[in-house]
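Heads up: the structure comes next, in structure tokens.
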Amino acid sequence: MSKQHVADATDARTRQDENVTSTGNNPVVSVVLFIVLFGIFVGGLYMMSLFAATPFLIGLAMCLAALYLTFDTVPRFLS
């Protein structure tokens, strides 16, 4: 076996080790987070549909909080 074959085998093993992905997130945690955050978002939309200024602002805050948690906090929590 030549030195080139040995070098290629070592390099291939190194590249294969780099391609290993994570096991992923716990499905139960993902489903619970989805239900909670989607519930907050839909509840905010419902509050915004009421015809008064105060419920609209509360609903807007709920929607913004749900979106912030979904796109900023949850990825930090799950990674």
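Position 1 is the first residue of the sequence, and the numbers go up from there.
- Rounded to the nearest 0.5 angstrom, Asn26 CG and Leu78 CG are separated by 9.0 Å.
- For Met62, the side chain to side chain contact (heavy atoms under 4.5 Å, CB included) partners at least two apart in sequence or on another chain are Ile40, Met47, Ile58.
- A continuous path of ILVMFWY side-chain contacts below 4.5 Å connects Val29 to Val74, so both sit in one hydrophobic cluster.
- The ring pair (Phe, Tyr, Trp, His ring centres under 6.0 Å) contacts involving residues 25-47 comprise Phe34-Phe38, where partners must be two or more places apart or lie in separate chains.
- Applying the salt bridge (charged side-chain N to carboxylate O under 4.0 Å, His left out) test to pairs two or more places apart or on separate chains, none has a residue in residues 56-65.
- Applying the under-4.5 Å side-chain rule to Ile, Leu, Val, Met, Phe, Trp and Tyr, the cluster around Phe51 consists of that residue alone.
- Clustering ILVMFWY residues whenever any of their side-chain heavy atoms sit less than 4.5 angstrom apart, transitively, puts Ile35 in a cluster other than the one holding Val28.
- Looking at residues two or more places apart in sequence or on another chain, you find no ring pair (Phe, Tyr, Trp, His ring centres under 6.0 Å) involving Phe77.
- Applying the salt bridge (charged side-chain N to carboxylate O under 4.0 Å, His left out) definition to pairs two or more places apart or across chains, none involves residues 42-54.
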Show me, pair by pair, the donor-acceptor contacts under 3.5 angstrom made by side chains of residues 63-70, not counting sequence neighbours?
residue	atom	partner	partner atom	Å
Tyr68	OH	Asp72	OD2	3.0
Thr70	OG1	Ala66	O	2.7

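- Applying the salt bridge (charged side-chain N to carboxylate O under 4.0 Å, His left out) test to every pair with at least one member in residues 41-61, sequence neighbours left out, gives no pairs at all.
- The ring pair (Phe, Tyr, Trp, His ring centres under 6.0 Å) check on Phe56 picks up nothing, with sequence neighbours excluded.
- Among residue pairs with one or both ends in residues 36-45, none qualify as salt bridge (charged side-chain N to carboxylate O under 4.0 Å, His left out); sequence neighbours excluded.
- Neither Phe71 nor Val42 shares a network with the other; the hydrophobic side chains, linked directly or stepwise wherever heavy atoms of I, L, V, M, F, W or Y lie under 4.5 Å apart, form separate groups for each.
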